[in-house]
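In what follows, a single structure is set out as structure tokens and then discussed.
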Amino acid sequence: QVQLVESGGGLVPAGGSLRLSCIAFGRTSSSDAMGWFRQAPGKEREFVSAISWNSARIYYADSVKGRFTISRDNAKNTLYLQIDSLEPEDTAVYYCASATLTMTLTQNGGADYWGRGTQVTVSS
């Protein structure tokens with residue numbers, strides 16, 4: 001079993017920045033792909049970004065390209081999401097996810113494990 005714990009969310013003004021973190025506990029594997037999803041109020045959960053186990057492949061949703069940067073530190077079992085130039089439309093609960101295959105995150109919108117989420121609220 002793997003437990004994912006997110007942190008770093010908060011209330012920020014438009015144009016600001018945040019850095020989300022996700023620590024993996026339990027039977028973790030550095031060979032797993034990891035990623036971020038988000039769910040805004042009244043909307044379905046959507047894919048944000050994913051990174052392969054060795055950081056060789058990185059994917060972003062079109063809506064966040066150029067503003068979000070995903071990274072991971074396998075030695076610390078930690079995933080990061082640097083969010084810059086925040087927009088009110090970025091307001092959502094951000095979820096960390098992991099999967100054996102990267103395509104599970106990028107194409108199927110699923111994951112083997114999910115975190116409980118961290119709230120990001122952007123004020124206009």
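For this chain, numbers begin at 1 and follow the sequence in order.
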**Distance, nearest 0.5 Å, that separates OG of Ser52 from OH of Tyr59** = 7.0 Å
**Message:** According to a hydrophobic-cluster definition based on side-chain heavy atoms being under 4.5 Å apart (Ile, Leu, Val, Met, Phe, Trp, Tyr only), do Tyr80 and Val48 belong together?
**Reply:** no
**Request:** Considering non-hydrogen atoms only, spot the tightest contact between Ser17 and Val12 and give its length.
**Result:** O-CG1, 4.1 Å
**Item:** Atom pair CD (Gln82) and OG (Ser21), whose distance is rounded to the nearest 0.5 Å
**Value:** 9.5 Å
**Message:** Membership question, hydrophobic clusters at under 4.5 Å side-chain separation (ILVMFWY): are Leu81 and Val64 in the same one?
**Reply:** yes
**Prompt:** Would Phe37 and Leu86 show up in the same hydrophobic cluster when neighbours are defined by side-chain heavy atoms closer than 4.5 Å?
**Reply:** no
**Request:** Spell out, as yes or no, whether a donor-acceptor pair under 3.5 Å connects the side chain of Asp112 to the backbone of Thr100.
**Result:** yes
**Complete:** Value for CD1 (Ile23) from CD (Gln3), rounded to nearest 0.5 Å, stands at 10.5 Å
**Fill in**
Taking every heavy atom of Thr106 against every heavy atom of Ala50, the minimum-distance pair comes out as CG2-CB, 3.8 Å
**Minimum heavy-atom distance between Pro88 and Ala14, given as atom pair plus value** = CD-CB, 4.2 Å
**Prompt:** When you check the gap from the basic side-chain N to the acidic O, do Glu46 and Arg38 get nearer than 4.0 Å?
**Reply:** yes
**Message:** I'd like to know if Tyr95 and Val2 are part of one continuous hydrophobic network [Ile/Leu/Val/Met/Phe/Trp/Tyr, side-chain heavy atoms within less than 4.5 Å].
**Reply:** no
**Prompt:** For Ala111, does its backbone N or O pair with a side-chain atom of Thr104 as donor and acceptor, under 3.5 Å?
**Reply:** no
**Prompt:** Going from CD1 on Ile51 to CG on Leu105, what distance comes out if it is rounded to the nearest 0.5 angstrom?
**Reply:** 11.5 Å
**Request:** Flag yes if more than 12 heavy atoms outside Trp53 fall under 6.0 Å of its CH2 atom; otherwise flag no.
**Result:** no
**Message:** Using 0.5 Å steps for rounding, measure from the CG atom of Leu20 to the CD1 atom of Ile83.
**Reply:** 4.0 Å
**Message:** Treating Gln1 as the side-chain partner and Arg27 as the backbone partner, does any N or O pair qualify as donor plus acceptor under 3.5 Å?
**Reply:** no
**Asked** Do you know which of Val5, Asn77, Leu4 makes side chain to side chain contact (heavy atoms under 4.5 Å, CB included) with Phe25?
**Response** Val5
**Request:** Check whether Met34 and Val120 end up in the same hydrophobic cluster, where Ile, Leu, Val, Met, Phe, Trp and Tyr are linked by side-chain heavy atoms less than 4.5 Å apart.
**Result:** yes
**Message:** Donor-acceptor pair, distance only, cut-off 3.5 Å: does the side chain of Tyr94 make one with the backbone of Gly8?
**Reply:** no
**Request:** Measure the spacing between CG of Asn74 and CG of Asp32 and express it to the nearest 0.5 Å.
**Result:** 9.5 Å
**Request:** Using the side chain to side chain contact (heavy atoms under 4.5 Å, CB included) rule, take Cys96 and Trp36 through it: C-alpha gap first, then chi angles, then the decisive distance, then the call.
**Result:** CA-CA 5 Å; Cys96 175; Trp36 292 95; 4.1 Å; yes
**Stepwise side chain to side chain contact (heavy atoms under 4.5 Å, CB included) test for Thr102 and Gln107** = CA-CA 8 Å; Thr102 307; Gln107 298 184 18; over 6 Å; no
